[in-house]
Amino acid sequence: MSKDVYNVSMPELKLFDVCCDIKTVKVPMRDGVKLHTQIFFPPEMAETAPVLLFRTPYSRTTWLDLPSQLALKHRCIYIMQACRGTGFSEGGVFHPSDRDVEKNDAEDFFAWLKTQSWFNGRCAMLGSSYPGWVQWCAMRAADNPLVGISPRVAPLYSCFTAARKGGGAALSFAQHWPISMYHRRTYGYENVPDYIAMQMSSHLPAVEADLFAGYGNPLPVYRDFIAGTAAPGEALKDYDAGFDKFSAPAFVSGGWFDGFKQETIESFQLLQQRGATAEARNFSRLTLGPWGHPGLLNPELFGAENDYRELLPREEKFLTGLLNDPASDPLPGEKQVKYFLLGENKWHDADTWPPQGTTSQTFYLHSGGNANTLNGDGIINAVPPQTELPDQYISNPADPVTSQRGNTLAAGCYDRSYMEKRTDMLVYTSEKFTDPLTVTGNVKLRFFASATTPDTDFFATITDVTPDGKSMLLTTGMVRARFAKSLHTTELLTPGKIYQFEIDLGDTAVKFLPGHALRLELCGQEFPAFERNANTGNTPMHDTELRTSCHTIYHDAAHPAELILPVLA
């Protein structure tokens, strides 16, 4: 028998109350690298069966992963494959920045799968986060046998670059994920350094975080991941390519407080609008819950019952239905979008995202020139401005406004009122609502501003202000001034000159209840989620000097500051 194939018949091994046979294979890729692949055959399997595939970089070398109960109980073959450079797979060091690697490896695996006598020609995939992203890569593979995928909290581009659409760099993710993955693959999972305690995100220059963490030499897995932040337009080029060729439906799911929320929504929208087949366009589903990346982070706010338990049975029915009959809608009678409406804390259905009946309404920022802190005079209403004094604040990257209570770990929906006491934050609050206001879709802020430095960042956040004064996070967005006109060109500011900016705050679904208010925060940092702009105009991630910048925000008749809300009638 070839040394790359190991048959292990295990009729006495009981996994999830089901006995199964296991075959372990090293599947060769086009460059000679062999990927460790575990195949679990269901009991009493027919001569051929469909495959449920899970590809992951998180396999360890200290144990073999167990099979999916979902697959075996539905008499499907379950295959778990370790991505190159992980688990028992070959391929050197795990390196996610080359976006074609996962596509090519999936393509080569599918070519091998089609030669197996036990495969009936139908394959579906499942997985969260990076294992969700590799599903989109697999959809790009030529001649793939996919009939359905189920990416959960999965990005479209965040797994191969730290660049973001606002022009900034996702600092904490860029440092902690690639560097910790390098450590796990090199030294093991048990002794990963505490990068948070080390304050790695605060080290300057940010490009040298790998050296600061003690690895001695630059780590290509990190340096390549952050390289695109200097030219985000190039880094994000063609990230959405291929959707017009995708033929399989997708069960897309994510959370309102997940860092990949926008990519989750966009992936569904792209497939629904551009999919190559009627099945891809009409059978695909989007579920958006009150979740962060790990799941429900705030059961005290949204109810413990609103965790994944509502999601999982539908995901199972979706995948197994397509494996049995790819031509039929696996969730008949169910609308394509299911979303959790924050505030009301109820699930709703829609045909599209945003839901039909959502219209853009413009609200305006006002003040007497003293909108600093939550005790200032900043307000939001539907009345256009006339003659008003601008607001100012000092953006000091050495003392940044923080994200996630200053941590790198997701906090979900949390109270930001403690930060709104800072004088370097402008705060604009509506009157308390007497009638509910339902916001479902993408929020934008258009405003005019000047700065005293050649480059700087602007961050905007909207919150739900509760009757007891808590300011609960809803969604955040940013723009880096040098990329405000285009992600493909750098244009530094003329200090003191007024420019127009637009911030995409992302999507949300919230019902502002009577007694609540809507609040907008505007400041210069959101650290460590995003890299601090040094305000120097130098190459991002390479600065060792941090400068303060004075931001002037205008909101008069000639320079209105417009908060554009998607309001559901």
Side-chain angles (χ1 to χ4, degrees), residues 50-57 68 70-71 74 76-81 83 99 102-107 109-110 113-114 119-159 239-254 260 263-288 308 311-331 334 336-338:
V51 163
L52 191 61
L53 173 64
F54 177 64
R55 301 191 69 247
T56 178
S68 163
L70 182 158
H74 287 279
C76 298
I77 299 166
Y78 178 69
I79 298 181
M80 196 288 295
Q81 185 174 73
C83 298
R99 69 180 80 179
E102 297 294 0
K103 186 269 288 186
N104 293 339
D105 285 353
E107 193 168 274
F109 170 75
F110 289 141
L113 181 63
K114 290 179 182 180
F119 178 51
N120 77 351
R122 297 173 187 168
C123 180
M125 294 182 71
L126 78 169
S128 304
S129 195
Y130 193 97
W133 178 64
V134 299
Q135 296 174 56
W136 294 117
C137 299
M139 290 273 270
R140 295 170 54 210
D143 300 320
N144 70 73
L146 291 171
V147 297
I149 63 172
S150 182
R152 190 188 309 164
V153 292
L156 282 177
Y157 51 81
S158 291
C159 279
Y239 73 90
D240 59 347
F243 274 82
D244 57 344
K245 297 180 175 63
F246 292 174
S247 59
F251 187 89
V252 183
S253 56
F260 303 143
E263 295 164 76
T264 294
I265 292 171
E266 188 175 359
S267 62
F268 167 78
Q269 291 172 328
L270 287 167
L271 194 57
Q272 188 184 49
Q273 295 163 10
R274 298 188 197 171
T277 64
E279 289 82 2
R281 296 188 299 272
N282 299 327
F283 295 174
S284 291
R285 298 301 200 277
L286 172 66
T287 302
L288 294 164
Y308 284 152
L311 175 75
L312 297 177
R314 295 171 51 243
E315 179 183 50
E316 177 178 345
K317 187 176 180 181
F318 180 88
L319 291 171
T320 57
L322 290 171
L323 287 171
N324 289 325
D325 182 6
S328 297
D329 187 346
L331 298 173
E334 180 182 301
Q336 286 188 259
V337 177
K338 182 179 286 290

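Please read all numbers here as calculations on a predicted model, not as lab measurements.
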Okay, side chain of [X], backbone of [Y]: is any donor-acceptor separation there less than 3.5 Å?
X    : Y    : value
S150 : L126 : no
Q336 : R281 : yes
E279 : P249 : no

[X] side, atom [atom1]; [Y] side, atom [atom2] - distance, nearest 0.5 Å:
X    : Y    : atom1 : atom2 : value
R285 : Q272 : CZ    : CD    : 10.0 Å
S267 : D240 : OG    : CG    : 11.0 Å
T320 : D325 : OG1   : CG    : 11.5 Å
E316 : F251 : CD    : CZ    : 11.0 Å
L322 : D329 : CG    : CG    : 8.0 Å
L156 : W133 : CG    : CH2   : 10.0 Å

Closest heavy-atom contact between [X] and [Y]?
X    : Y    : value
G321 : P330 : CA-CB, 4.1 Å
G148 : A248 : N-CB, 3.7 Å
V147 : P326 : CG1-CG, 3.8 Å
V153 : T264 : CA-OG1, 4.1 Å
G132 : P151 : O-CB, 3.7 Å
L52  : A71  : CD2-CB, 3.8 Å

Verify side-chain hydrogen bond (donor to acceptor under 3.5 Å, both in side chains) between S158 and E263, making sure each step is shown before the conclusion.
CA-CA 8 Å; S158 291; E263 295 164 76; 2.6 Å; yes

[X] vs [Y] side-chain heavy atoms within contact, under 4.5 Å:
X    : Y    : value
S253 : Y308 : no
Q135 : V252 : no
L53  : F110 : yes
L271 : F246 : yes
P57  : P131 : yes

Compute whether any side-chain donor of one residue and acceptor of the other, for Y239 and E266, lie under 3.5 angstrom apart.
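Indeed, the side chains of Y239 and E266 share at least one donor-acceptor pair under 3.5 Å.
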
Starting from the C-alpha separation in whole Å, work towards a yes-or-no answer on side chain to side chain contact (heavy atoms under 4.5 Å, CB included) for M125 and M139.
CA-CA 10 Å; M125 294 182 71; M139 290 273 270; over 6 Å; no

Check the pair Y157 / W136 against ring pair (Phe, Tyr, Trp, His ring centres under 6.0 Å), numbers first and verdict last.
CA-CA 10 Å; Y157 51 81; W136 294 117; over 10 Å; no

For side chain to side chain contact (heavy atoms under 4.5 Å, CB included), just list the numbers for F268 and V337, CA-CA rounded to whole Å, side-chain angles, deciding distance to a tenth of an Å, and then say yes or no.
CA-CA 9 Å; F268 167 78; V337 177; 3.7 Å; yes

K114, NZ atom: more than 12 neighbouring heavy atoms under 6.0 Å
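It does: K114 NZ has more than 12 such atoms within range.
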
I would like to know whether Y130 and C83 meet side chain to side chain contact (heavy atoms under 4.5 Å, CB included); could you show each step before the answer?
CA-CA 10 Å; Y130 193 97; C83 298; 4.1 Å; yes

Let's go through H74 and L323 carefully: what are the C-alpha distance in whole Å and the side-chain angles of both, what is the deciding distance for side chain to side chain contact (heavy atoms under 4.5 Å, CB included) to 0.1 Å, and is it a yes or a no?
CA-CA 10 Å; H74 287 279; L323 287 171; over 6 Å; no

